[in-house]
Structures are given as C-alpha cells and as structure tokens.
Colleague: 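Provided herewith is a single structure, encoded as structure tokens, for subsequent inquiry.
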There are 2 protein chains.
Amino acid sequence: MYKYSIGDLARAAATKVQTIRYYEETGLMPEPMRTAGNQRRYDETALNRLSFIRHSRQLGFSLDSIKALLHLTDNPDQSCQQANQIAVEQLVEVESRIARLNDLRKELVRISQSCKGGTMADCKVIETLSEHSLCDCS
Amino acid sequence: MYKYSIGDLARAAATKVQTIRYYEETGLMPEPMRTAGNQRRYDETALNRLSFIRHSRQLGFSLDSIKALLHLTDNPDQSCQQANQIAVEQLVEVESRIARLNDLRKELVRISQSCKGGTMADCKVIETLSEHSLCDCS
DNA sequence: CTTGAACCTACAGCTACTGTAGAATTTGCA
DNA sequence: TGCAAATTCTACAGTAGCTGTAGGTTCAAG
C-alpha cells in the first residue's frame, strides 16, 4: 500500500527529491505517512498528484494556478468552468509569450545578419543592440 | 557634464532606481561620480550603457551574456565574431523556446476545448492535465 | 529657510526550485 | 546477523534578476 519512498516517487515523476519536499512545505503535496524511522512513504494517490503537478508545470502553470486546480478537484460539485478559466488564461499567456518571442527572433536575425566580420570597433551587432529606436519590439 | 541623477537615468531608460543600483553592485554599470552629499551623478556614457543593457535584457540576453558583450566593447581590437556568436546563441535559444511554447499552446487548446461545462466530477480539463501520456510535449 | 521629493544604505522577499552539511535510517549482500 | 553503501532526514544557503521596505540624509523649488 504505502510502498514508495521519496526517491521512488522522484524517479517515477522525473523530479528531484528536494522538489517533492518543497511541494510538501508549500502545501501542494499532503504530508505523507512516515516509517518508524521518520522516512516518508507514499501511495499511488500521491504519485498521481505529483504527476499532475509536474505535467502542469511543464505546461507553464504557476504553482498558484496548480494549487487552485487541485483545490477544485477536492470539491467535485463545483463547476468545471473555473478549471477551464484557468486553462484559458494560461493559453492566453502562452500565446502572448509566443508573439513576443517572435518579435525578438526577428530582431535577433537582423542583428546577427548585420555582422560583417570586422573588429569590435565597427561591430554592427553591438551597435544594433544599442539602438532601441530601430527595433520592432514592444 | 555629470547632470543626471539616478532618478533621471531611471526615467530615461525606463528602469527602476533599484535596478540601476543592482547593476552597479553586480559590475554591469561602473561606479559613478558622487555629489558632496554622496548622491550618484551620471553622464551620457552611463545612459548609453544602461540603454544597451535594458535593450539586451528585453531581447532575452542574460546578465552574464551582457557582461560578455560589454567586455568585448571595451576591447575594440577583438574580432566581431565573438559578439555575433553570443547573438546567434541567443537566437537559437529563442527559437527553441518558441518551438516549445507552440507545443504547449497546442495542448492547452486541446485541454480548453475539452471542457463541456459540467461539474468538476467529470472535468476533462483536470483529466487531461493528469494524463501526460496523451500529450505531444517533450 | 523650509518643505517635500528624491536620494542613501542595508536588508528581506519574490518564484521555483537546487545544493549542501551532518546525522540517522534502510537495504542488499555475505 | 552484521556491515557497508545508498538513501533519507532536517535545516539552511544559494540561484536569477530584480523589487520592496525601513529609517535616515540630501537636494531643489519657492
């Protein structure tokens, strides 16, 4: 039943041991059972919860958003709309980040194409980095 | 000549006063002149340097990369190639971030489209976030 | 000359971990 | 069963790149 050590859990969810303890500290993971010698022991539920957290983190959700999502799952009668709302907000955020990065990419291309291979004295890269007025970025 | 207070500089470069002091602490900005009453006073050179730093930050360069670029400008005889190398590395990094974010976006779209508006008990959003196996992300 | 804005230093806090030290426990193998 | 190696424990410091605060001083306008 309570078969996983913290190291097992870490391996299974591709996390670090310290990260799991950190999640416990900050209330994302519940306090697990302990052995007689005070070591943590986990069950499948804990592994699922940790996987959920890690996957959400990979999708860019903040720990606060994840906390909110986990709180929602603890109240199964509430509307799914709130969970969806959090996901949509995250989507909006990701799309705006993509847009900004595309702008950056454009200017970086311009900068690196300006290099004519001379010395620093007439380096167009540095020059271009100095002139914010010319760039498209917000 | 030394006409800018730290507040003037902050306004001119759209930064916070504390950020300028932080850049000084970490060696990105040189220690400026001081008034008799110990307040910092800057000239145009300092403003140019700060603008360079801010613009580079907006393009996603780390403070370490910026330090390297600034170091290059202090040695005008060196090859421009090194500066270009840093810019190209940054470009590669930005492109990989864009690619990853595009993957995330795809999955977030899938997640938010799965919401059918019921209760949390059968929330597809949460379900989808739990199942890493189904997703495309790395 | 006064008053209020801006400045000073020093330090704590933010996110989301990661690393370290030194001690205790558990596990595998003889 | 005994022992060594691996793992775990707590507690705390450090990372990037700032940002905010407290308590005090200086500057500039009127």
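Naming: A, B, ... by sequence-line order, numbering from 1 per chain.
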Colleague: Base, sugar-phosphate, or nothing: which does A/Ser5 touch, judged by heavy atoms less than 4.0 Å apart?
Modeller: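 Answer is sugar-phosphate: A/Ser5 comes under 4.0 Å of backbone atoms only.
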
Colleague: What residues, two or more places apart in sequence or in another chain, satisfy side-chain hydrogen bond (donor to acceptor under 3.5 Å, both in side chains) together with B/Tyr23?
Modeller: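 B/Arg54.
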
Colleague: Nearest whole Å is fine: how far is C/dT15 P from A/Lys67 NZ?
Modeller: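 Going from A/Lys67 (NZ) to C/dT15 (P), I get 9 Å.
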
Colleague: Within the structure shown, what part of the strands sits under 4.0 Å from B/Arg11 by heavy-atom distance: base, sugar-phosphate, or nothing?
Modeller: nothing

Colleague: Please give, in whole Å, the distance from D/dG14 P to A/Gln18 CD?
Modeller: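 Rounded to the whole Å, the gap is 16 Å.
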
Colleague: How close do A/Leu59 and A/Gln90 get, counting heavy atoms only, and between which atoms?
Modeller: O-NE2, 3.3 Å

Colleague: Kindly say if A/Arg41 contacts the phosphate of D/dT7, meaning a side-chain N or O under 4.0 Å from OP1 or OP2.
Modeller: no

Colleague: Taking CE from B/Met33 and C1' from C/dC7, how many angstroms apart are they, rounded to a whole number?
Modeller: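 Computing the B/Met33:CE to C/dC7:C1' distance gives 17 Å.
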
Colleague: Base, sugar-phosphate, or nothing for B/Arg21, non-hydrogen atoms under 4.0 angstrom?
Modeller: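 Base, at least one base atom sits under 4.0 Å.
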
Colleague: Base, sugar-phosphate, or nothing for A/Phe61, non-hydrogen atoms under 4.0 angstrom?
Modeller: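 Nothing, no nucleic acid heavy atom in range.
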
Colleague: Under a 4.0 Å N-O cut-off, is there an ion pair linking A/Glu25 with A/Arg21?
Modeller: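 Looking at A/Arg21 together with A/Glu25, the answer is no, because their closest N to O distance does not fall below 4.0 Å.
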
Colleague: Side chain of A/Arg34 only, please: which of D/dC18, D/dC9, C/dC17 is the nearest?
Modeller: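 Given the options D/dC18, D/dC9, C/dC17, the side chain of A/Arg34 is closest to D/dC9.
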
Colleague: Are any of the side-chain nitrogens in B/Arg11 or B/Asp8 under 4.0 Å away from the carboxylate oxygens of its partner?
Modeller: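 Answer for the salt bridge query: yes.
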
Colleague: So B/Leu69 and B/Phe52, side-chain contact (heavy atoms from CB on, under 4.5 Å) or not? Walk me through it.
Modeller: CA-CA 10 Å; B/Leu69 287 169; B/Phe52 176 87; 4.0 Å; yes

Colleague: Heavy atoms from C-beta onward define the side chain here; which of D/dG17, C/dC8, D/dT8 lies closest to that of B/Ile6?
Modeller: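 The listed nucleotide nearest to B/Ile6's side chain is C/dC8.
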
Colleague: Please tell me if A/Arg40 has a side-chain N or O lying less than 4.0 Å from either OP1 or OP2 of C/dT26.
Modeller: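 No, outside the criterion.
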
Colleague: Starting from the 5' end of DNA chain D, give me the residue, B/Ala36 or B/Tyr22, whose nearest nucleotide shows up first.
Modeller: B/Tyr22

Colleague: What is the distance, rounded to the nearest whole Å, between atom CD of B/Glu25 and atom P of D/dT15?
Modeller: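 Value for this atom pair: 13 Å.
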
Colleague: A/Leu9 has an atom CG; how far is it from atom P of D/dC9, in whole Å?
Modeller: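 Atom CG in A/Leu9 sits about 11 Å away from atom P in D/dC9.
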
Colleague: For B/Thr35 and D/dT26, is the shortest distance between a side-chain N/O and OP1 or OP2 below 4.0 Å?
Modeller: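 So the side-chain polar atoms of B/Thr35 never come under 4.0 Å of the phosphate oxygens OP1 or OP2 of D/dT26.
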
Colleague: Could you state the atom-to-atom distance from CD of A/Gln39 to C1' of D/dT10 in whole Å?
Modeller: 12 Å

Colleague: How many Å lie between CE on A/Met29 and C1' on C/dA16, as a whole number?
Modeller: 16 Å

Colleague: Round to the nearest Å and state the distance from A/Lys16 atom NZ to D/dT7 atom P.
Modeller: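 Checked: the NZ to P distance equals 14 Å.
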
Colleague: Check whether any side-chain N or O of B/Tyr23 sits under 4.0 Å from OP1 or OP2 of D/dC18, and answer yes or no.
Modeller: yes

Colleague: Looking at A/Lys3 and A/Glu44, is there a salt bridge between them, counting it only when a charged N and a carboxylate O are closer than 4.0 Å?
Modeller: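 The answer is yes: the pair qualifies as a salt bridge.
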
Colleague: Here's a test of your reading of the structure: between B/Gly37 and A/Arg57, which maps to the more 5' nucleotide of DNA chain C?
Modeller: B/Gly37

Colleague: Under 4.0 Å between any heavy atoms, over every strand shown, what does B/Thr26 touch: base, sugar-phosphate, or nothing? Just pick one.
Modeller: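 Touches nothing.
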
